[in-house]
Amino acid sequence: MSEGTIEPIVEEIESIVGSENVSLSKIIRLSYSEDASPFHARIPGLIVRPAETLEVSQILRLANEYLVPVVPAGGRSGICGACLPRVPNAIVLDLTRMDNIVEVDEDSQTVTVQAGLRWAELIYKLSKLGYKVGFRGPFGGNAGTVGGSLSSNSVGCGSAKWGSSGDSVVSLEVVLPTGEILRTGSGWNPLAKKFARYATFNDLTGLFIGDHGILGVKTEATLKIYPLPEGRVFGDFGFNSVEAASKAMYEIQKRKLAEELVLMADRHTVSSYALQLAEKYPEVESVLAVIIEEASEEIAEAKKKLVERIVRECGGFFIGTFFSRLHWGEMFNVVQPLFEEGYWYNTCHLRPITMFPELVRKAHEIFKKYGVDKDPEITWVASALGIDRCHCTGWITLFLKNPEKKHILEKTWSDLRKVIIETGGVPYWAGLLWEEYVLPRVHYGFFDLLKKIKRTLDPNNILHPLVFGL
Amino acid sequence: MARVEFSNVKKFEEFLYLCGKCGDCSLAVKIATSKSPLSHPCAVKNVLGYEAYDARGRIIIIKNLLNGKLEVNDEILEWAYTCTTCGACRETCLAVEGGIDTPSIMEALRRDLVSQGFRIEKHLSILENIKKLDNPYGEPKEERLSFLGDELSNIPEKAEIAYFIGCTSSYRTKEIALAAVKLLKQLGVEFTVLRDETCCGSILLRYGYVDEARSQAERLVKRFNEMGVKTVIFTCPGCYRTFKKDYPEILGRELGFETLHLVEFLDNYLKDKNVAFEAKKSEVVTYHDPCHLGRHLNVYEAPRNIIRLVNGLTLVEMETIKNFAHCCGAGGGVKSTFPDLALKVARNRISEALETGAKILLSACPFCKLNLKQAANNGIRILDVAELLAETYVGEVVEVAPKVVEVVEVTPGMKLMDYLNEHVEIFKGLRMGCKFNYEIVDWKTQEPKLKFYVTVLESGEKPKIKISKGVADNPDVTIIISEPAAEKLVECKERSEYAELFGNFFNEPTDEEYIDVILHRSTKELMKMGYGEFAREAGLI
Ligand SMILES: Cc1cc2nc3c(=O)[nH]c(=O)nc-3n(C[C@H](O)[C@H](O)[C@H](O)COP(=O)(O)OP(=O)(O)OC[C@H]3O[C@@H](n4cnc5c(N)ncnc54)[C@H](O)[C@@H]3O)c2cc1C
Ligand code: SF4
Ligand code: SF4
């Protein structure tokens, strides 16, 4: 697409969404050229802020007519560059205006939201009605939207019990690249409520979850809801090795006892969050923070007892509730204070809990190799979050204080990513962060099918071109 | 386009680098997820919609200006003046201590633009007005105090206290100045006003014209010094901020007199007096925090305290308040540069006020009043706190009946207050200036029975502290303690015993005995302030 081809459709798009929601301004476009990652991509050609599904559909039809690329964007809090256009002159759809709660259906215990709603607002509004969602959002849930998270397989708050963001979904409303509107799950029947995901046909919902916005624009999502819990208990447990802490995490997760499980892998990480705690327990290498939420206090207490037993058996001991309470109380505010350590470079991915200690070991070796372990200008946190059955996130994030040391950081960061894939890790989102590491390894059959699906749904390849190399 | 030197902006390069681009400053709602009354902080972005107008977008754009990918043009120039410098983004931001200071970055950018000849046409005429007429409104200089009429002759030429009226209340919201004068007189406060008052230069600073503002500052400070004034009272937070924060910076010296907003002065003045204020009818009111008074100068409780003095009124808070209050849209030069934008921002604030069911929206700023009033379109009454007090003033209440000794029940909260006063070692490790609230609550209803706060005056093994009733302005944390827990804490003989019990109530709370802690700053910042050690001493970690 050559520069300048976008103008002819601007007026038509203005007639769809109103001129105040369309901008060609250079500075406005520039402000959408980054997300929360260190990556830069192409400056968008046009910014459009639709408010309704129908508008999105009309825009996509036009884009097909004029062959203009379109990139959906949510809160742009992604940290892999997923929402950044890879081609020039793309229309970026800023979906954050689509932030209404469409319906709370108490019969089927679901909430239907517009895809641009942010998790923090959803939680707030639901809590006023006495409800919660299972997966509460990524830790960036202040700005992260439901649509953005579902499109990028986000994991985060509540994932220990409720799994990945996609596991909460009952039905999606998606505008296909060619403009048709699709409702998945029991939503195939216009007369039925959206209450079941697996109904009558294939699980088409799954096709769009984690698609990074290349197969359709999610406009609505129906999620499961639950009454607010009456029982909530917290516990932080100290261990003298990451192996012991991971073992406890595994055993707790095996029995699905916790709402949230966070493991701080090494002393460096524990000190980053609370130096005084690290000082108080010089023998503690790792801390496991456990949050239990249940329908009643009795159930929560009973589960806590089980957790305590497991911890004891794994050699851990109770050190208070500071971390777990802070983590839960400051739900989406725990990562940002780390920015002070320097600009952040993440390596977020999934792996079985049992394989987490190996990652930490290898990461320490890499830090040593590049002198990062002794360099106060490049720091890290290494942690893990319990997910679904018995896997976890591997969260090793680097912070670069001194930009002049970028070359050291780049090497460390790159080695880490290589090791992660080599040791059987899989990123949840891909984006510019991961593609060069994962694409060469994708099984042929898998990729071929993805390609065919993309070609079928998006014959003109207008939706987020070049993502996954497609 | 000409090359521009960004020498002022460059002072903030570290901030620009450390912004993690999380988007909180634009999109966050933290009401349920961290118990903070914060929702979509950037009032300007909330109206204009695009990322370019919130802090994250502004930082991205400025970085592109610095690296030369973007050149200064008219669009940039206009954009630079769309920020009200309200500071809500900064309060939201957890990235660095105090938050990434986007308002200062935007002001630095304006200074760089102005110093290199990029000027907005409209601003030049305002500049001219100030130069020629000593006010930005183009009003006759000699009529500045004419609104006071005969009243002026009753105001002494000299006094230890001076009331600085400001341009807006001299020419636009005269009712606020009249109310302030009336009220101060009713209360018997001896004060003066400058017969030759001039613009304080606030608007010049907000536009980026520092040299011009400096000459205003020099003149006014000299005048007050000559008059031997000890305290200057303001009803305009814009002037107040300019005197208190900007003057010492641009003049490079202290002022030589104390500065106070009227609400602070009154809050203090009325404390030990028995003055009654009575509303004509019972009404629900709400209060809008002016950015320059609240976020810029940390005055949150004084206006609320004095509103509560008025019998018959119920103060109902809006959803976003205090440090997270949405801006009214008038500040930072936005009202004069983009009046429509200012009005649209104000309409959003009016909607928030209407949601409380209030019939009166109070503020303590002539600029907010002007803007909110235009936006309210008679939907809700807009009143300055000074007007409210002048309007409801009844007089000093004289005690008629002989004083009977009241039997005051000593509550667990009061006992804890005394206990803390006697056991200051609990606060060891906290930095000077730390401020935190205690709320002693009914264990069942969780309703606060007593609120007090601790201010650390001097740190050390036995720190010097002050315990005051009420709520601190901009506290670091709030500690919630159930009454039964407080009862037990005050029984502790040893510090270790206290720490163990405190820790127990926090870590293993029961229905009746519990402690909770709400953080108002980032964990990293709190640790730096010494709360880590405090938490350890208190048995929390
Ligand atoms: C402080 C912080 C902490 C974080 N913690 C976590 C964490 O714990 N776990 C985690 O997974 N992530 C985390 N992240 C990253 C980010 O918050 C999440 O990935 C989030 O889900 C992204 O949502 P978004 O709306 O910002 O998406 P964006 O970044 O806007 O987009 C993400 C992808 O989704 C696509 N997309 C967006 N909306 C739609 C739509 N409606 N339809 C189709 N495609 C769409 C985009 O094209 C892009 O490919 C964190 C980020 C920050 C800043
Ligand atoms: S909240 Fe702070 S770190 Fe986050 S985007 Fe805004 S300015 Fe940057
Ligand atoms: S100072 Fe206020 S108006 Fe300016 S970017 Fe920050 S929140 Fe928005």
Side-chain angles (χ1 to χ4, degrees), chain A residues 20-21 23 25-28 30-37 47 49 75-77 94 96-97 118-121 123-128 136 140-144 234 273-277 279-280 318-322 325-326 329-340 342-344 403, chain B residues 17-24 26-36 39-40 48-54 56-58 60-61 63-64 69-70 73 75-76 79 92-97 100 503 506-508 511 516-519 522-525 527 531-533 535-536 539-541:
Chain A
E20 68 281 14
N21 294 307
S23 181
S25 144
K26 171 100 187 268
I27 52 173
I28 288 177
L30 196 70
S31 69
Y32 285 83
S33 67
E34 295 182 30
D35 62 359
S37 74
I47 309 298
R49 308 182 63 240
R76 297 183 12 268
S77 70
D94 173 350
T96 52
R97 256 181 96 211
R118 291 143 356 277
W119 292 99
E121 186 168 336
I123 290 172
Y124 170 51
K125 291 194 167 155
L126 277 181
S127 71
K128 283 216 242 177
R136 316 287 206 287
N142 286 327
F234 300 94
Y273 286 103
L275 184 63
Q276 282 74 15
L277 198 89
E279 284 170 358
K280 183 170 172 187
F318 180 76
I319 58 168
T321 60
F322 180 79
R325 284 176 74 146
L326 188 91
E330 289 288 306
M331 194 164 272
F332 298 142
N333 296 334
V334 287
V335 178
Q336 299 88 325
L338 298 169
F339 294 166
E340 196 163 38
Y343 196 82
W344 59 325
Chain B
Y17 174 69
L18 289 179
C19 163
K21 296 183 287 180
C22 64
D24 283 9
S26 154
L27 293 165
V29 172
K30 296 190 180 179
I31 305 168
T33 54
S34 68
K35 300 180 196 147
S36 303
S39 169
H40 296 86
L48 295 176
Y50 298 103
E51 184 75 51
Y53 300 104
D54 59 48
R56 175 171 65 168
R58 289 182 186 279
I60 292 173
I61 291 165
K63 281 202 279 193
N64 277 280
K69 285 194 187 146
L70 197 62
N73 57 16
E75 195 189 359
I76 291 282
W79 165 82
T92 309
C93 176
L94 299 169
V96 296
E97 199 170 335
I100 289 184
F506 177 77
N507 288 322
E508 319 234 4
D511 279 353
D516 199 2
V517 178
I518 301 177
L519 311 183
S522 88
T523 37
K524 269 217 170 312
E525 197 171 339
M527 293 294 166
Y531 283 92
E533 187 163 348
R536 194 168 60 189
L540 298 184
I541 57 178

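Chain letters run A, B, ... following the sequence lines, proteins first, then strands; residues in each count from 1.
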Worksheet item: Do B/Glu75 and A/Ser25 meet the criterion of a side-chain donor-acceptor pair at a distance under 3.5 Å?
Response: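 The criterion, which ignores hydrogens and geometry beyond distance, is satisfied for A/Ser25 and B/Glu75.
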Separation between [atom1] of [X] and [atom2] of [Y], rounded to the nearest 0.5 Å:
X	Y	atom1	atom2	value
B/Thr33	A/Asn142	OG1	CG	5.0 Å
A/Phe339	B/Leu18	CZ	CG	10.0 Å
A/Leu275	B/Lys524	CG	NZ	9.0 Å

[X] versus chain B, the contacting section by heavy-atom distance below 4.5 Å:
X	value
A/Arg76	both
A/Leu326	side chain
A/Thr96	side chain
A/Tyr273	backbone
A/Lys125	neither

Worksheet item: For the side chain of B/Asn507 and the backbone of A/Thr321, is there at least one donor-acceptor N/O pair under 3.5 Å apart?
Response: yes
Discussion item. Check the orientation of A/Tyr343 and B/Tyr17. Use parallel for under 30°, tilted for 30 to 60°, and perpendicular for over 60°.
Written reply: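 Tilted, since the angle between the ring planes falls between 30° and 60°.
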Discussion item. According to salt bridge (Lys or Arg N to Asp or Glu O under 4.0 Å), who are the partners of A/Arg97, at least two apart in sequence or on a separate chain?
Written reply: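 By the salt bridge (Lys or Arg N to Asp or Glu O under 4.0 Å) rule, A/Arg97 matches no residue at all.
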